[in-house]
Amino acid sequence: MIVTTGQLLRIAYGRFAVGAYNINNMEQALGLFRGHIQAQAPFIIQISKGARKYAGVRMIEAIIRACDEMFPEAIYAVHLDHGDEKTCYDAIDSGFYSSVMIDASHEPFEENVAITRRVVERAHARGVSVEAELGMLGGVEEHIAVDEKHAFLTDPDEAREFVMRTGCDSLAVAIGTSHGAYKFKGEQRLHFDRLAAIQQRLPGFPLVMHGSSSVPREEIERINAAGGKLDPSARGVDEEEFARAIPLGVTKINIDTDGRLVWTRVHREHFRDHPENFDFRKPGEAFMEAYATFIVHKSQKLRSAGMLEYVRQALQHAAEVGG
Ligand code: G3H
Ligand code: 13P
Ligand code: ZN
């Protein structure tokens, strides 16, 4: 069942974080749904501009519609990840998305406010929620290379002003994470002091953490042992820190890189161990199983595991009282 992102985040706030995972193909989608049913967790499916181009807008939607029929128990939202203004309008007008992210964080503050405000007006008229971003993550965001040195954290006062002026429904904040496998050097960590200051200015308002893959060392080692050449210094977010971020308002946690690592590990090990194989279904099956297991593990860390029934009842209650 597709629900609105706003509803999901309201129910989750302060209790658990909703995992938001990018999909590009059938195998990822099936693993994602199977894993969340096993974990009894609600979730958010994210579609990036790259995924829309890779699989085709219609194909991605068709995959999700098929999963919706195959897994009637699932409760999830469909979200456009890192949209520009035009792609946000396409997604809003399609009627298929629960929410869109307008990522104008690379623009000056006033321009970010103006663009986000326009998207919010159009989205809210169609019952779609809007995630915006303020501050800049390091790494690479959809073809915009952000120099590590210039990555800057979200300013708490600006965050409050930004939310008030734009009317956005959730805010992606820069608190030290970055996209991809190479997030931290040395002892760098998340900036919890900054997160607490943002929450203080925006109590009860859902915050989003992008770049939240944990890049497990064991996964990198297995990939490299099977012929990969990933930099062994790759480091991600400590999964144990999710539990600290949740009471500070982090309600949606974006994870993509870790899923790509699962895909790479499964396929490299499969073809190393079965060099005679040329049936793509064999590694495909192994990947879907490994991906579902990975989702169960992540749901436990996000504290969304076991929350499905609670969310179902909260949605039912909200419908009865007209909320
Ligand atoms: O933050 C971006 C996500 O990891 C999606 O990546 O744009 O290559 O699909 P993508
Ligand atoms: P990772 O690269 O850490 O998985 O972040 C994904 C993300 O933020 C998608 O929007
Ligand atoms: Zn992101």
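Counting starts at 1 for both ligands and their atoms, in listed order. On a predicted model such as this, the values are computed, not experimentally measured, just so you know. Residue numbers run from 1 in the order of the sequence given.
Numbered from 1 in the order shown, with element, the atoms of ligand 2 that lie under 4.0 Å from a heavy atom of His210 read 8 (O), 10 (O). Residue His82 approaches ligand 1 through these ligand atoms, each under 4.0 Å from one of its heavy atoms: 1 (O), 2 (C). In the vicinity of Asp256, heavy-atom distances shorter than 4.0 Å reach the ligand 1 atoms 3 (C), 4 (O), 5 (C), 6 (O). Heavy-atom proximity to Asn22, at under 4.0 Å, picks out these atoms of ligand 1: 3 (C), 5 (C). Taking every heavy atom of His82 and a limit of under 4.0 angstrom, the matching atoms of ligand 2 come to 10 (O). Here is the list of ligand 2 atoms found below 4.0 Å of a heavy atom in Gln46: 9 (C), 10 (O). Shown in contact with Asn22 at under 4.0 Å from a heavy atom are these atoms of ligand 2, numbered in order with element: 9 (C). Close approach to His179 involves these atoms of ligand 1, each under 4.0 Å from a residue heavy atom: 1 (O). Every atom of ligand 2 is numbered from 1 in the order shown, and the set under 4.0 Å from a heavy atom of Gly180 is 2 (O).
When distances from the Zn ion (ligand 3) to the N, O or S atoms of His210 are compared, ND1 comes out shortest. Nearest to the Zn ion (ligand 3), among the N, O or S atoms that His82 has, is NE2.
Counting protein heavy atoms only, atom 3 (O) of ligand 2 is closest to Lys183 NZ, 2.5 Å. Here the heavy atom of the protein found nearest to atom 10 (O) of ligand 2 is Asp81 OD2, 2.8 Å. For atom 8 (O) of ligand 2, the closest non-hydrogen atom on the protein side is Gly211 N, 2.8 Å.
Side-chain contact annotation: Asp84 with Thr87, donor-acceptor N/O pair under 3.5 Å present. The closest side-chain donor-acceptor pair between His124 and Asp169 falls under 3.5 angstrom. Under the 3.5 Å distance criterion, with hydrogens and angles disregarded, no donor-acceptor pair is assigned to the side chains of Glu133 and His210. Checking Ser99 against Thr5 by side-chain atom types alone, a donor-acceptor pair falls below 3.5 Å.
Heavy atoms of Arg260 approach ligand 1 to within less than 4.0 angstrom.
Just one residue in the list Leu9, Val250, Leu8 forms a side-chain contact (heavy atoms from CB on, under 4.5 Å) with Pro206, and that residue is Leu9. No option in Lys301, Arg265, Lys183, Lys298 other than Lys298 meets the salt bridge (Lys or Arg N to Asp or Glu O under 4.0 Å) test with Asp258.
Using a 4.5 Å cut-off on side-chain heavy atoms (C-beta onward), Ile92 and Val119 make contact. The side-chain heavy atoms of Lys252 and Gln46, taken from C-beta on, include a pair separated by under 4.5 Å.
At a 4.0 Å heavy-atom cut-off, ligand 2 does not touch Ala181 at all. Residue contacts with ligand 1 for Lys49 are absent, since no atom lies close enough (heavy atoms, distance under 4.0 Å).
Here the CD1-OH distance, from Ile23 to Tyr54, works out to 12.0 Å after rounding to the nearest 0.5 Å.
Checked by distance only, ligand 1 and Asn24 stay at 3.5 Å or farther apart across all their nitrogen or oxygen atoms. When only interatomic distances are considered, the shortest N/O to N/O separation between Ile255 and ligand 2 does not fall below 3.5 Å. Geometrically, ligand 2 and His179 share a nitrogen or oxygen pair separated by less than 3.5 Å. Note: no N/O pair closer than 3.5 Å links Asp258 and ligand 2 by distance alone.
Formation of a donor-acceptor pair under 3.5 Å by the Ser48 side chain with backbone atoms of Gly50 is found in this model.
Between Phe294 and Tyr21, the angle of the ring planes goes over 60°, which puts this pair in the perpendicular group of the 30/60° scheme. In this structure, Phe287 and His267 have tilted ring planes: the angle between them lies in the 30° to 60° band.
In the hydrophobic cluster analysis, where Ile, Leu, Val, Met, Phe, Trp and Tyr join through side-chain heavy atoms closer than 4.5 angstrom, Ile102 is grouped apart from Val208.
Considering each of Thr257, Leu261, Val215, the one bringing a non-hydrogen atom nearest atom 1 (P) of ligand 2 is Thr257.
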